[in-house]
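Please read the structure below before turning to the comments.
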Amino acid sequence: MSLDSHAWWQTGIIYQIYPRSFMDSDGDGTGDLPGIISKLDYLQWLGIEGVWVSPFFRSPMADFGYDVSDYCDIEPVFGTMDDFDRLVSEAHERGLKIILDFVPNHTSEQHSWFLESASSRDNPRRDWYIWRDAKANGDPPNNWVSHFGGIAWEWHKPTQQYYLHSFLKEQPDLNWRNPDVVEAMLGALRFWLERGVDGFRVDVMWETIKDEQLRDNPPNPRYEEGKTHPYFKVLPLYNHDQPEIHEIIGEMRRLFEKYPGDRVLIGEIYLPIDRLVTYYGTNGDGAHMPFNFQLILQKWEARRLATMIDQYEAALPPHGWPNWVLGNHDRERIASRVGRAQARVAAMLLLTLRGTPTIYYGEELGMEDVEIPPERVVDPPQAYGIGRDPERTPMQWTSGPGAGFTTGDPWLPIATDFARYNVESEKADETSFLALHKRLIELRQSEPALQVGSYEPITTEGDVLAYEREYKGERFVIALNLGSGPEMAVVEGLSGTVGVSTHMDRAGEAVDGELELRGDEGVVVRVT
Ligand code: NOJ
């Protein structure tokens with residue numbers, strides 16, 4: 001269903017594909033574009049609409065594609081430009097949209113721009129990256145820290161200067177204060193927009209431009225060695241969330257507006273709510289959806305989540321469409337974080353809140369993080385202190401060899417419980433994770449109240465989180481038990497019938513005033 005007054009990215013659900021891990025069509029153990037094409041029918045069946053594909057551009061893979069060496073070409077392991085064109089047309093034939101990943105903060109050190117920039121101090125592209133002299137004592141120009149640990153500067157012996165890298169040293173930061181960089185990068189966006197992509201998710205959007213004077217960050221008074229993530233040794237005051245970022249986002253947005261069909265601009269932004277919402281901009285010059293990671297960042301507790309949702313709802317500007325993310329390729333999977341039983345409640349929350357939900361591939365199956373034996377670790381090990389391989393393992397399609405993902409050796413190990421948690425088996429089980437997702441998605445997509453209706457919190461106690469969604473008199477009450485013991489949700493004046501329970505067994509049950517919830521149970525009640 002699509003409501004006329006809303007864009008597709010407001011009514012539709014987004015699904016994130018990590019392309020190395022979704023479907024391997026040629027038996028080399030790594031997922032690819034033809035593999036994705038072969039699973040579009042599945043995505044259509046599931047009922048999602050926007051397919052966000054993490055980077056598949058030319059890359060030496062130091063950071064598995066987030067180190068791009070050519071923004072306008074495809075890394076052969078993923079396929080060809082013909083495959084890409086086919087992906088777009090086949091997706092569109094099925095009513096699906098394709099969202100690409102744009103990595104503006106840095107390139108690969110193998111990008112021809114960086115090779116030129118590094119070739120000499122007077123190369124015309126020198127200023128495309130952030131080069132500085134050492135301090136008099138040889139120290140780096142400032143105290144900024146890389147997200148992947150250690151100082152964010154690398155000494156370049158041949159030209160006797162440091163360059164900035166907010167991530168790996170193989171990922172030098174671009175200088176967005178240089179108009180030629182802005183033009184070249186907008187050109188890359190244009191390239192894909194012309195080829196019919198429906199939008200972009202912009203990597204580390206909030207960090208893309210840095211303080212002009214590259215001032216030292218202040219020390220973090222709450223930093224505790226071994227406890228705090230090394231990145232927060234200093235407070236990232238001067239290397240993120242700079243006022244000038246909004247001009248750049250405005251440029252991107254204006255470019256998008258030139259194309260027909262509601263191309264969506266999504267930003268990866270890890271900031272507190274009050275800062276996050278500034279990325280909506282004013283008057284159509286911001287991101288359509290600054291990704292809201294609060295469900296990932298907050299402690300999984302009913303009262304805390306209730307307060308956070310209210311804060312987020314209250315902070316949104318009038319033109320700001322909300323959105324919710326439960327997991328991604330950088331974070332522990334939700335089923336590992338809160339347990340499989342509670343992950344079903346989390347799915348119900350994600351799919352009934354007001355705003356566009358983003359589902360990370362495999363979450364619809366209840367996939368968990370996979371323990372990676374040391375000899376198979378491939379993510380730069382220092383990343384986020386733990387490495388992100390566990391949440392990037394192959395999608396589980398069947399209970400057969402290679403989980404139906406590959407006929408070869410998978411690039412990362414497959415979960416040991418794949419024979420139970422896979423698309424084929426879960427399709428055949430009416431109570432599975434997949435069945436729950438399918439049911440919730442169907443309900444959301446057929447009920448305007450759930451899709452675009454208002455959100456009203458309902459005051460509850462203990463482990464219960466409850467709220468109401470309403471559109472033109474159609475009302476749903478959602479009551480979620482975030483604990484593992486039984487709870488009673490008392491909702492004044494409530495009368496209706498259960499639409500879905502996370503336990504998949506109460507549909508049609510009459511509800512009057514109060515609702516008994518089993519441990520780890522959530523229900524959607526249609527109010528009558
Ligand atoms: C955020 C991406 O999600 C992550 O996977 C990547 O390593 C960094 N940005 C650097 O591009």
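For ligands, and for the atoms within them, numbers begin at 1 and follow the listed sequence. This one's a predicted model, so the numbers in the text were calculated from it and none came from an experiment.
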Could you list which atoms of ligand 1 come closer than 4.0 Å to a heavy atom of [X]?
X: His329; answer: 2 (C), 3 (O), 4 (C), 5 (O)
X: Asp203; answer: 1 (C), 2 (C), 3 (O), 8 (C), 9 (N), 10 (C), 11 (O)
X: Arg388; answer: 4 (C), 5 (O), 6 (C), 7 (O)
X: Glu268; answer: 1 (C), 3 (O)
X: His106; answer: 10 (C), 11 (O)

Flag the pair [X] / [Y] as yes when their ring centroid distance falls below 6.0 Å, and as no otherwise.
X: His111; Y: Tyr71; answer: yes
X: His329; Y: Tyr66; answer: yes
X: Trp192; Y: Phe102; answer: no
X: His288; Y: Tyr280; answer: no

Problem set entry | Other residues, nucleotides, ligands: >12 heavy atoms within 6.0 Å of Asp409 CG |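 Not more than 12 within 6.0 Å, no.
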Exercise. Under 30°, 30 to 60°, or over 60°: which ring-plane class applies to Tyr231 and His147, parallel, tilted or perpendicular?
Worked result: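 Taking His147 first and then Tyr231, their aromatic rings lie parallel (interplane angle under 30°).
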Heavy-atom distances under 4.0 Å are what count here, so tell me which part of [X] touches ligand 1: side chain, backbone, both or neither.
X: His147; answer: neither
X: Phe148; answer: side chain
X: Arg392; answer: side chain
X: Arg201; answer: side chain

Exercise. Looking at Phe114, Tyr162, Trp131, which one forms a ring pair (Phe, Tyr, Trp, His ring centres under 6.0 Å) with His156?
Worked result: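 Among the candidates, only Trp131 passes.
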